[in-house]
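Below you'll find the structure, written out as structure tokens, and then a few comments.
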Amino acid sequence: MTLTLADVRGALLPDEPRYQKIAAAFGADALPHLKSLIEQQSPLATKAAYLAGLIDDPAAVEVLRAASASPRADVRVSAAFAAHHSPIAAVDQILANLERDPDEGVRVHAARAKARRAKR
Amino acid sequence: MGSLRVSAGVHNQLVGEFSVVRDYLGFKRLPGTKVLPGPISVKSQMDILEKHEVVHLHIRIVDPDWLTTRTGVVNGLPTVDEMIAAMRRVYGGHGVAVVIQSVTVLNLPAHFRDIDTDADELDDLFDEHANRPENHAVAFFIRAMKPADNGAHPPGSDGCLVSAVASMWTLAHEIGHAMGLDHADDVELIKGLDCATPGCLTKRLMTGCSTSCIVIDPPLLSSDEVSTMKDSDLTLSF
């Protein structure tokens with residue numbers, strides 16, 4: 001059965017979503033919807049960015065790239081948090097961009113994510 | 001006694017005739033009393049409060065945007081004051097007052113606005129920047145957190161984090177966790193979950209669906225939840 005935007009939105013609705021379970025259940029099928037939530041500047045955009053980092057699929061990079069370009073700093077910092085977990089190598093370039101973000105918090109957390117990824 | 005009325009009025013922008021017990025501390029109705037709601041003397045109100053319980057809460061503003069950009073619950077961006085008032089309504093209806101002992105805007109490095117709950121900043125916040133007596137609760141108002149939740153009660157702590165995407169009820173919900181409450185429903189992963197999903201207890205403060213789904217004001221606490229709250233170390237005699 002096709003995963004819908006409503007499916008993904010609903011999974012992210014709780015105050016404390018179960019991200020690992022959602023990522024395992026939805027996988028890459030969720031990614032287009034996550035990108036949509038970010039681009040629409042949904043109230044769920046921070047959660048969408050975070051979930052994308054837990055999905056092991058090359059297409060997750062485009063979702064994190066969209067989050068890193070969000071006008072909302074909380075979404076950009078969520079992209080940095082998410083990048084820490086992401087197994088995708090191309091995420092490093094997104095972190096490099098976030099390290100030059102105008103927001104200090106985004107820069108610090110991007111640098112930390114980059115350092116933690118380098119230790120893996 | 002007069003100073004309490006003055007400070008209550010200033011704190012909640014209350015003017016004219018108001019009851020400290022009802023309008024400031026949030027008691028909707030006190031068992032065994034017939035004097036509320038309605039104007040009564042501050043001394044009478046204090047006499048009532050002596051027989052009841054209180055949560056002492058310290059507010060710590062980490063992200064200054066909480067004081068400058070919030071446009072109110074009607075716009076989906078509840079203010080700190082609205083969240084405190086909401087907490088008082090739900091706790092006060094069960095004889096537990098919420099007293100704001102302090103409000104502090106913390107001048108911390110900007111990256112503290114966003115808390116990685118696996119990193120040292122979380123411990124730094126609670127160990128070094130809470131500054132409150134034992135058994136007093138603390139709430140840190142931040143911008144974002146990892147994981148990207150509306151709010152969080154770090155295990156073992158006497159308080160919570162509240163992020164910028166919080167609902168009006170998130171503060172009351174997370175302090176509820178700090179007082180020992182669990183979620184009232186079990187909705188770990190439901191595809192297409194929405195506020196109408198069967199099993200979502202949207203009249204309960206401790207709903208696990210989403211506090212943004214809560215449909216009544218104030219939301220309910222079960223008798224077991226109230227007992228747990230009153231047994232909590234964070235609930236003290238007034």
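Within every chain, numbering begins at 1; the chains are lettered A, B, ... in the order of the sequence lines, protein sequences first and strands thereafter.
- His153(B) does not touch chain A: none of its heavy atoms, backbone or side chain, sits under 4.5 Å away.
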task = Please lay out, stage by stage, how Arg70(B) and Glu82(B) fare under the test salt bridge (Lys or Arg N to Asp or Glu O under 4.0 Å).
result = CA-CA 10 Å; Arg70(B) 308 295 289 189; Glu82(B) 286 174 324; over 6 Å; no
key: Criterion side chain to side chain contact (heavy atoms under 4.5 Å, CB included) on Phe126(B) and Leu161(B), from CA distance to verdict   = CA-CA 10 Å; Phe126(B) 279 89; Leu161(B) 304 172; 4.3 Å; yes
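- With a 4.5 angstrom heavy-atom cutoff, Ile142(B) does not touch chain A via any of its atoms.
- Checked against the 6.0 Å centroid criterion, the rings of Phe81(A) and Tyr50(A) do not qualify as a close aromatic pair.
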request  = Go through Val226(B) and Thr228(B) one step at a time and tell me if the side chain to side chain contact (heavy atoms under 4.5 Å, CB included) criterion holds.
outcome  = CA-CA 5 Å; Val226(B) 172; Thr228(B) 298; over 6 Å; no
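- Pairing each heavy atom of Ala52(A) with each of Leu64(A), the nearest pair is CB-CD2, 4.1 Å.
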task = Take Asp116(B) and Arg116(A), measure what salt bridge (Lys or Arg N to Asp or Glu O under 4.0 Å) needs, and give me the verdict at the end.
result = CA-CA 13 Å; Asp116(B) 178 348; Arg116(A) 288 174 181 169; 2.7 Å; yes
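- In this structure, chain B has a heavy atom under 4.5 Å from the side chain of Ser78(A), while its backbone stays farther away.
- Chosen from Glu16(A), Lys47(A), Glu104(A), the residue pairing most often with chain B at heavy-atom distances under 4.5 Å is Glu16(A).
- Under the salt bridge (charged side-chain N to carboxylate O under 4.0 Å, His left out) test applied with Glu99(A), the options Arg112(A), Lys114(A), Arg76(A) reduce to a single match, Lys114(A).
- The sulfur atoms (SG) of Cys209(B) and Cys200(B) lie less than 2.5 Å from each other.
- Taking non-hydrogen atoms and a 4.5 Å limit, the residue list of residues 143-152 of chain B in contact with chain A, ordered by number, reads Arg143(B), Ala144(B), Met145(B), Lys146(B), Pro147(B), Ala148(B), Asp149(B), Asn150(B), Gly151(B).
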